[in-house]
Every structure is written in C-alpha cells, then in structure tokens.
Asker: 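Questions regarding the structure given below will be posed in turn.
Chain letters run A, B, ... following the sequence lines, proteins first, then strands; residues in each count from 1.
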Amino acid sequence: MDYTRKIDEKWQRRWEEQGIFRADTSATEKPKYYCLVMFPYPSSELHVGHARNYVIGDAVARYKMMQGYQVLSPMGWDAFGLPAENQAIKHKIHPKEWTLKNIRRITEQMQSWGVGYDWQREITTCMPEYYRWTQWLFLQLYRKGLAYRKEALVNWCSSCKTVLANEQVISGECERCSTEVEQRNLKQWFFRITDYAERLLSDLDILDEWPERVKTMQKNWIGKSQGVEISFPVEDVQEPIVCFTTRVDTIYGATFLALSWEHPRVVELIKDSPHKEEVAAFVERIKNRPPSARLIESFEKEGVWTGKYAVNPMTGEKIPIWIANYILMEYGTGAIMCVPAHDARDYEFAQRYSLPVRPVIRPVETVTDSPVYEGEGVLVDSAEFSRLPSDQAKEKIAERMEEKKTGVRVHKYKLRDWLISRQRYWGAPIPMVYCEGCGEVPVPEGDLPVVLPETVQFLPTGQSPLTLIESFYRTKCPRCGADARRETDTMDTFVDSSWYYLRYISPRETDVPFVTSTVNEWLPVDQYIGGVEHAILHLMYSRFVNKFLQDLGYVSFDEPFARLFTQGMIVKDGAKMSKSKGNVVAPDYILEKYGADTMRLYILFMGPPEKDAEWQDEGLLGCWRFLQRAVRLAEMLIEHPGEATEDALNEQEQTLARKAHLTIKDVTEDMEKSFQFNTAISRIMELVNQAHKSLNEGYVRKSVLEHAVHTVFFLLAPFTPHLSEEVHQMLGGQVSVFRRAWPEYQAEMLREERIEIGVLMNGKVRDKLTIDTRWTQDEIKEKALSLSRIHSLLQGKSPKKVIYVPQRIVNIVA
RNA sequence: GCCGAGGUGGCGGAACUGGCAGACGCGCAGGAUUUAGGAUCCUGUCCCGCAAGGGGUGGGAGUUCGAUUCUCCCCCUCGGCACCA
C-alpha cells in the first residue's frame, strides 16, 4: 500500500460526508464530552508548533468518540485585534478582508491535517452576529455596576497608540511591540473584576484538574495579603492617615510614615508647611520622571519631609511624615508605616535621610549580620507585646487596635480592575451613548449590535478611526432623543474571548447569546487545551465572566473549564519558531512527503505534550518508518493463508497475544492518566516490533496476527486516523473506526507463567532468574541462592537476609 | 528577591504505590540485501575495562535490605511575578 496524500484526502472527505464531528447537543443517549482547543487569532498561516495544539485536541476528541461519547469539538476565530489593524495601516488592506483571508487559509490547513471540528458551529468574533452578544455582555455588566468609566493613569503604548491593560504590560513594555509603556491620564472603561477577587482565588481550590503552575500564577496575580489598616493621627490635622501593613508586629519599630506623591492628602498636609515648596518641587519631579525611571531594577530611593508629624497609635510617639518615590498609590492605601529595621526598602531610605532604625523583632535562630531582618521572630522593645512570637503578636496587636478603633484587619489584593477600552478600530464598539442632558446612556439591548462601520480611513492618529466617522458617532440619545455622541472606543479582544465557549453550544441563536438549559447540560468544558501564555489573562477573564453570568442565573456552574491542559511549545534550534528567526517548520512539505499521519504521530511522540520539545526532521523519519512497518504487518495479514486449528497457542503466539492485550491496557491508561501520548505511542511500537519478531521466530496463526494488527490500528486511530481507517477498510471493516469501540483487553490474557526476575546482592543486580509464577516464595529464594554466580559471591557464608518482591526481584543481603 | 516547574546516555525521552535505570525513537557501529545510492532487514550501542570487575540519574549528606523515586543542605536551567509594604 502506498501511503499518499490521496488517502488523507479520501478520508477527510469521507469524515465530512459522514459528519463524524457533527455534534448533536440535543441527543442525550450518549455521555457528553466537550473538548475545546483555544481558538486562534488568525494572523498568519500555521506551522508545526501551532499544529501541536490542534493535533492534541483532535487525538482527545477521537479517542473519546471511540469510547462512545457524544463529542463536541468546535472551532472558531478570535478575530478582532491589533495585528489586523496594523496590517491595514501598513498594506492598505481592510482588517476584515485580511482576517477572513487568514481564516480561509488556516481552515484549509487544519483540514489537511485531518483535524476535525464541527464546522457548523464555527464562530468569528468580528462578525456582528457574534459581537452583538459581546456588547450584550457589556450591558449586563454595566447594569450591575460592574462596567464603569473613570479617569485613570493608564498604560499607554505610543507605538500601538492605545491603552493597555496591566496584563498586557510585560516588564514595562507593550506585550505586542515591546515599546516602553507610558502612563497617561485618560477616561477609560473598566470591568470591576476586583469584586470577584476572593471567589477567583478561593475557587482555584476546586480546579483539581488544572496544572498547578497555572493556579499558582493566578494566585500570585490576585495577590491576596492579610494585614491591618492603621490610622495614624496627624498633628494639627483632623483626619488621620491610614496605612496598610502586613506586619503590625513591627509597629513599635515604625520611625516614620511615607506617602506616595499621588496621595490625596499631600496638598492638604503641606498647605501651611515651611517645606511646602520643596515638597511641591519634589512631587513635580517624580510626576515628570521618564517612564523608564519606574522600571530600573532598583532605582534610588528618594523623598522629602512634609514638615508634619504623625502619632504612632501604640506608643504615642511623634514620627515624621515623608513623601517617598517608592510608595505605590495603586496598592494598599498609598501610605505606609516605615520600619527600617525590618524592611530593606525602608532601611535604604532611612540610611539616606538619617532616620532612626529601631529593631523590634529578634530572629529566633538565624544569626544575621545584616542590619535589616525581614523575617518573623520574637518581639523586643514592644511594651507588653515583647517576647511574643510574630504570629501571635500580629493577632494581639490587631485586636488591641480594633478595640481602640485605631486599626482594622483587612485583606488587600494586587488584582486591579480590568481596563477594557481601546482607542482602536478593529474591535467590538462599546455600546454606550453620551447625551448632554442624560449623561452616560447604555444602548438598549434591542438596538444591538452597534455595528462597526466598514468604510474607514486607517491613520495612526492616536484616536480610533471611529472618531472621524460622523455617521457612526452622531446619534440620538436613547433616553431623551436629543442629539448625542456614541462611545468611539472599542473593547479589548479579551472580552470577545471571555465567553466564546458558551456560544458554541448554540452558535446560530439570534434571540439570546446562548441557551441556558443546553449550556448547563454541556458545560463546564470537559477538556480545555491551549498554551500557557493564557495562564493569567484569558483564563482569569473567562472565569470572571462565567461567575458573573452565574450570579445573573445565566449559567449554573462555578467554573467554565473543568480540566485544563497547557501544552508546551515546539522549538527549533533552541528557539521559538518565528518568521524573523527563519526557523519555521512549515507542514506543507511534510504532508507532501510523508502524509498527515506521520506529522501527527511525530508531534505526539516528540515528548510529553506539556513540555517544550525540539523539532528534528530525523525524528519525523522514525515515525514514518514505524508506520511503514505497521502497514507491512497488515499486508502480511492479508496474504496469510490462515488455517483452522483449535490447538493451544504456541510460544510465539502466546507472547504476541499477551503483548497485544497488555498494549491495550497500557495505552488506555496513558490516555486516561494525563495525555501521555509519547509513551502510548512507544507501547504501540513495541507491539509492532513484537509482531515482527514473533513472525520471524516461528509460525503465528492468522487469528492471532489479526488481533494484533487490529489492536495496533485501533490504538493508533486517534493519532493516525487516515491510516487507521484505510487499513481497517483494507481488512474488511465497513464502518469508520470512530464509530467503533475502543479495544478492550482480557485480563486473563495478561497472565504469565514464566517471568524473568533480577537477583540482587546487596542491592546490585548479579544475575537473572526465570521463575514459574506458581512457585512459592521459598522455592524462588532457594533457586536464587543456588545460582552459581550467587554461590561464588557468597563464598560459603550464609546470607543475613533474603528479600523477595513478588514478580520483581530477589535481594540477598550478605 | 518571591513563587512555580525541572536537571537521567551522543540526542528526544522511559521507569507504576521505593524494587533489574536507560523502554520507545533518533543517531552511531557492524553485518545482510543491492550494480551503486536510497530504502529495507538483522545485530550491537550508559561509561571505564581485552576480561574479571568497577562506576553511574546535577553535587553532598541521610533514611532503607534496596533510592531517579522519600528527607535535609547546596548548585544550575527554564517559566511567572516583581519597590505589593
């Protein structure tokens, strides 16, 4: 049999005709399985690195089909976003045209790999029938007060000319173009994800089937810390200043307060201070510092004294209030109590300005010569709290403060609200209208979608092209009918992708975004598959939106994705594949030369799918050779004359039959456990090797060979579907292998009469022993001791102890 | 700095709840077949050693009859976060 593209195409056509990937979400006779691969951003054609994602998903979907599940495996396009618009500016091609062209090409590629989807459910986020419901989602959030507009210092990329979410800023640079991000004060739309911080955090615990590292990343991102908000009375001023600290146990060591330059109380504090000008100059200087100044690894701590004093509520002591450049307004209260003896940053600052350092925590065991001790320990010089360990002191001091009403225990989160507005064209318009009389007015749901106009000019002006289209922004107020102006910002694409998994269930529904009852039957997604790069952004936004919809009663489940699998990257020459590095492996030549199955098999065989793997063409060749060897077995089977003898199996037959059953068992376990495709494939290789070996060594009856060959191709089917179908048909199969059951093994076939075990002396292997599994322990020990090798090593002495681990080893302790 | 994941032949990687380290594949070597090349088949391949033997899972200790696996310390690589009080 010649394995050619013709076979690939034949089966791809046939699957399409038979609709094996078409999911009937209303059918309930089979157990359901929702297998979802993260939908791609259609920016260019796919290479083998991308292919890994889809091949894994396809293998899972097909495996589940073979097990009799009603499998839903849909695909769609995360089609809004910057790259399309950048192309438009550069090459004068409309983003829509560019995007749809890419979608066509990628679809073709996926199909040529035999990756199957229910294409009737295809969704594209840039189409009005989809983004209409993204806008609907916005309105629901708005109605609940979870979408709001505020002026804020926001991240601004001067190259992309747009605002970025915190999550899109990677060490101070734009995620997309690596331009240094600036801070600008602009009026922007936010989603109040912080309201869900606690639930997003605590529900991570129910996600047992998520990779630990993803959960940890989210946990760190949410960044919960427990502490106390302490009110420090200010001399000559009515209002106290509130500081947040996680270390109340160090309060007796607080020697000054420091505020952020943005702190709202600064102006008032320096109003009548003799240091007024100095402070104002300092504030002005940090305000105008270049954006890069914030990013330098450890920039110099600087500050200025306000001339004011606060009072330590525990000691009554007067401590100076400073403005310092290292205090973040965004976290806590923008003001902190400084304990130089126990905080490296405070220490650095105190040194510079000769502020007192007062140790109040003694390390328990650690001997340190550093002047700063940041760990916990035992309190000293802390009045009646002295001699208490830190953890107890935190409790006691907090209690005391709460009694005296000078402090209150609180939780703080690092998580910020999600900035969703973009001053860009290629996104879903934010469905809001501004009216002089009524102010901010939401577009009525019935008027959705707010359609993105298609005829526009693409100019990188820093404003959305929408601001230049009068016919778009000029509108009437939905409330009073007066002239009004539409919001011209569009939504972050992460909004589009935060709910798409719900839409697949009823993608053509025109009255609702999704049908609650069906969604509740089909979700959570049984298996979600995608790259780790989405560990924080996409996955957390989706969890947030899901919880929000749950609160509204639109869905009944807590979490959208029950199981998450994050696959590793495929690298070439040690680097991520990219056009600029010129190390992209394009699938086309592979398909031409070896066919889709060889590529699929190799991608899965390369290594554990969750880890990065290095692409090697030679490895691909190995898979090709293996498939040839497997096909040859099938051909030998066809030529096998066959004969009807009822005699017991001979030795080769027994070995082969046993291996076949064992392989079914092992491969099934590998699939179930955690997608160990690499070991699953290696076991099938072993079976093929064994079959060839058995045939070489003696006579193997047709029935035994037949079982082995069928086993090989059934087990391979999720990985090499075309070839499996072809061979199955060649051998007389009438129905698609994906309509047939996954093979099952017979436990009694696994039993063995003679096995070889290792004989160890003092933990080192010295000899081997073939045992009969019916032998008793004592018999086996005796046989082991009588081995000539062991005999000579013992030199006549008797062993101290003999340990027998059933079916494995005998260890003789001399 | 903090958090997480790792470190096993020439390479990708196996090894279940502590039980014969290196499955499977690549590469390499030898042989068969072939006009030659390619392809295919067989054999070998952790290291040192002709052998007997010895060493060996990042390094060091420990627990154990026995450790890639468990405990402690240290080193290195990758990923995430990072002035978060």
Side-chain angles (χ1 to χ4, degrees), chain A residues 170-172 211-221 223-225 227 243-247 250 258 294-299 301 324-328 330-339 342-346 348-349 374 412-416 532-533 535-536 568 601-602 605-608 610-626 628-629 632 666 669 673 676 678-689 692-693 696 756-769 799-814:
Chain A
I170 310 298
S171 32
E212 207 50 49
R213 67 171 164 164
V214 172
K215 289 198 277 184
T216 311
M217 277 191 227
Q218 293 213 355
K219 200 172 163 185
N220 292 343
W221 191 261
K224 180 179 182 174
S225 47
C243 298
F244 173 73
T245 182
T246 53
R247 293 295 304 270
T250 63
R294 280 179 77 90
L295 312 168
I296 299 168
E297 281 283 309
S298 56
F299 66 89
K301 308 257 181 297
N325 64 350
Y326 67 99
I327 311 302
L328 301 171
E330 307 89 83
Y331 185 74
T333 61
I336 61 164
M337 66 167 202
C338 299
V339 186
H342 303 296
D343 182 292
R345 295 157 301 180
D346 298 347
E348 192 189 325
F349 192 83
E374 297 190 287
K412 292 281 177 199
Y413 301 91
K414 288 183 200 170
L415 184 70
R416 310 288 155 71
V532 227
E533 64 273 20
I536 299 176
L601 190 71
Y602 176 54
F605 181 62
M606 289 177 87
E610 70 278 8
K611 285 210 221 152
D612 288 357
E614 168 84 29
W615 180 274
Q616 286 170 328
D617 282 345
E618 296 76 25
L620 185 76
L621 208 64
C623 287
W624 162 251
R625 284 202 280 258
F626 160 69
Q628 296 301 305
R629 267 164 71 76
R632 211 168 304 128
D666 288 345
E669 279 170 12
K673 226 185 300 164
Q676 297 186 37
N678 55 329
T679 52
I681 292 165
S682 74
R683 293 180 206 278
I684 304 171
M685 287 172 168
E686 283 180 61
L687 173 56
V688 169
N689 291 347
H692 277 289
K693 201 172 160 203
N696 277 338
E756 195 187 54
I757 63 166
V759 180
L760 288 68
M761 188 173 259
N762 295 329
K764 286 251 166 210
V765 185
R766 297 300 176 169
D767 210 339
K768 307 266 171 167
L769 180 67
K800 285 185 193 144
K801 209 186 211 179
V802 180
I803 293 150
Y804 172 56
V805 181
Q807 321 266 309
R808 294 194 191 272
I809 53 108
V810 174
N811 189 17
I812 297 158
V813 188

Asker: Minimum heavy-atom separation for A/Ile336 to A/Phe244, with atom names?
Answerer: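 The answer is CG2-O, 4.2 Å.
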
Asker: Is B/G9 syn or anti, taking syn as a glycosidic angle within 90° of 0?
Answerer: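 Base orientation relative to the sugar is syn.
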
Asker: What nucleic acid atoms does A/Glu614 come within less than 4.0 Å of, heavy atoms only: base, sugar-phosphate, or nothing?
Answerer: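 Result for A/Glu614 = nothing.
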
Asker: Rounding to the closest angstrom, what is the interatomic distance between B/G49 and B/U68 at atom C1'?
Answerer: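 Approximately 26 Å lies between the C1' atom of B/G49 and that of B/U68.
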
Asker: Taking a pair as Watson-Crick or G-U wobble with both distances under 3.5 Å, which nucleotide is matched to B/G9?
Answerer: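 WC or wobble partner does not exist here.
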
Asker: Both distances below 3.5 Å, Watson-Crick or wobble geometry, any strand: find the nucleotide opposite B/U63.
Answerer: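 When the pairing criteria are applied, nothing turns out to pair with B/U63, so the answer is none.
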
Asker: What are the two closest heavy atoms between A/Tyr413 and A/Tyr331, and how far apart are they?
Answerer: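 Scanning both residues completely, I find the closest heavy atoms to be O-CE1, 3.8 Å.
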
Asker: State, to 0.1 Å, how close A/Asn689 and A/Arg629 come at their nearest heavy-atom pair, and which atoms those are.
Answerer: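 Closest pair (atom of A/Asn689, atom of A/Arg629, distance): OD1-NH2, 2.6 Å.
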
Asker: Suppose you measure atom C1' in B/G13 against the same atom in B/G27; what distance do you get, rounded to whole Å?
Answerer: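 It works out to 14 Å between them.
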
Asker: Base, sugar-phosphate, or nothing for A/Asp346, non-hydrogen atoms under 4.0 angstrom?
Answerer: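 Nothing, no nucleic acid heavy atom in range.
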
Asker: Which base, if any, makes a Watson-Crick or G-U wobble pair with B/G27, both distances under 3.5 Å?
Answerer: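 The answer is B/U45, by the H-bond criterion.
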
Asker: Both distances under 3.5 Å, Watson-Crick or G-U wobble: report the partner of B/A15, or none.
Answerer: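 Partner of B/A15: none.
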
Asker: OP1 or OP2 of B/A82 less than 4.0 angstrom from a side-chain nitrogen or oxygen of A/Asn220, does that happen here?
Answerer: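 For B/A82, neither OP1 nor OP2 has a side-chain N or O of A/Asn220 closer than 4.0 Å.
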
Asker: Would you say A/Arg808 reaches B/A21's phosphate, i.e. side-chain N/O to OP1/OP2 under 4.0 Å?
Answerer: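 For A/Arg808, the contact criterion (side-chain N or O under 4.0 Å from OP1 or OP2 of B/A21) is not met.
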
Asker: Base, sugar-phosphate alone, or nothing: which one does A/Gly223 contact when heavy atoms must sit under 4.0 Å apart?
Answerer: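 Answer is nothing: A/Gly223 stays at 4.0 Å or more from every strand.
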
Asker: In the structure shown, which nucleotide is the Watson-Crick or G-U wobble counterpart of B/U57, with both distances under 3.5 Å?
Answerer: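 Checking every strand shown, B/U57 finds no partner, since no pair has both distances under 3.5 Å.
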
Asker: Does A/Glu212 reach a base, just sugar-phosphate, or nothing at all? Heavy atoms under 4.0 Å.
Answerer: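 Since no nucleic acid heavy atom lies under 4.0 Å of A/Glu212, the category is nothing.
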
Asker: Would you say the base of B/C3 and the side-chain of A/Lys219 have a donor-acceptor pair closer than 3.5 Å?
Answerer: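 No, the side chain and the base share no sub-3.5 Å donor-acceptor pair.
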
Asker: For B/U40, which nucleotide is its Watson-Crick or G-U wobble mate, given both distances must be under 3.5 Å?
Answerer: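 Matched B/U40 with B/A32 under the 3.5 Å cut-off.
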
Asker: Between the base of B/C65 and the side chain of A/Asn811, is there any donor-acceptor pair under 3.5 Å?
Answerer: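 Such a pair is found, so the answer is yes.
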
Asker: Mind checking A/Lys800 for me? I need base, sugar-phosphate or nothing, with any heavy atom below 4.0 Å counting as a touch.
Answerer: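 A/Lys800: no heavy atom of the nucleic acid under 4.0 Å.
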
Asker: Does OP1 or OP2 of B/A85 have a side-chain N or O of A/Tyr326 closer than 4.0 Å?
Answerer: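 Negative; the distance criterion is not met.
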
Asker: Report the C-alpha distance between A/Trp624 and A/Tyr602 in whole Å, list the side-chain angles of each, state the deciding distance to 0.1 Å, and finish with yes or no for side chain to side chain contact (heavy atoms under 4.5 Å, CB included).
Answerer: CA-CA 8 Å; A/Trp624 162 251; A/Tyr602 176 54; over 6 Å; no

Asker: Should the side chain of A/Arg213 and the base of B/C78 be counted as holding a donor-acceptor pair, with the cut-off at 3.5 Å?
Answerer: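 When only heavy-atom distances are counted, A/Arg213 does not reach the base of B/C78 through any donor-acceptor pair under 3.5 Å.
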
Asker: Base, sugar-phosphate or nothing for A/Ile684? Non-hydrogen atoms, less than 4.0 Å.
Answerer: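 If one applies the 4.0 Å heavy-atom cut-off, A/Ile684 turns out to touch nothing in the nucleic acid.
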
Asker: State, to 0.1 Å, how close A/Asn220 and A/Lys414 come at their nearest heavy-atom pair, and which atoms those are.
Answerer: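 Smallest heavy-atom distance, with atoms named: O-CD, 4.3 Å.
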
Asker: Using a heavy-atom cut-off of 4.0 Å across all strands, would you classify A/Arg625 as base, sugar-phosphate, or nothing?
Answerer: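 Sugar-phosphate contact only - A/Arg625 comes under 4.0 Å of backbone atoms but never of a base.
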
Asker: Mind listing the closest non-hydrogen atom pair of A/Met337 and A/Asp346 along with its distance?
Answerer: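 Closest pair (atom of A/Met337, atom of A/Asp346, distance): O-OD2, 4.1 Å.
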
Asker: Could you check which nucleotide pairs with B/A82 in any of the strands shown, counting Watson-Crick or G-U wobble with both distances under 3.5 Å?
Answerer: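 Paired with no nucleotide.
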
Asker: Report yes or no: is the cationic atom of A/Lys301 (NZ for Lys, CZ for Arg) under 6.0 Å from the centre of the six-membered ring of A/Phe349, at an angle within 45° of the ring normal?
Answerer: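 No, A/Lys301 does not sit over the ring of A/Phe349.
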
Asker: Within the structure shown, what part of the strands sits under 4.0 Å from A/Pro608 by heavy-atom distance: base, sugar-phosphate, or nothing?
Answerer: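 A/Pro608: backbone/sugar contact only, no base atoms under 4.0 Å.
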
Asker: Between B/C78 and B/A39, how far is it from one P atom to the other, in whole Å?
Answerer: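 Their P atoms lie roughly 37 Å apart.
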
Asker: Report the base-pairing partner of B/A52 (Watson-Crick or G-U wobble, both distances below 3.5 angstrom), or none.
Answerer: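 Base-paired to nothing in any strand shown.
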
Asker: Touch check for A/Ile757, heavy atoms < 4.0 angstrom, all strands: base, sugar-phosphate only, or nothing?
Answerer: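 The residue A/Ile757 makes base contact.
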
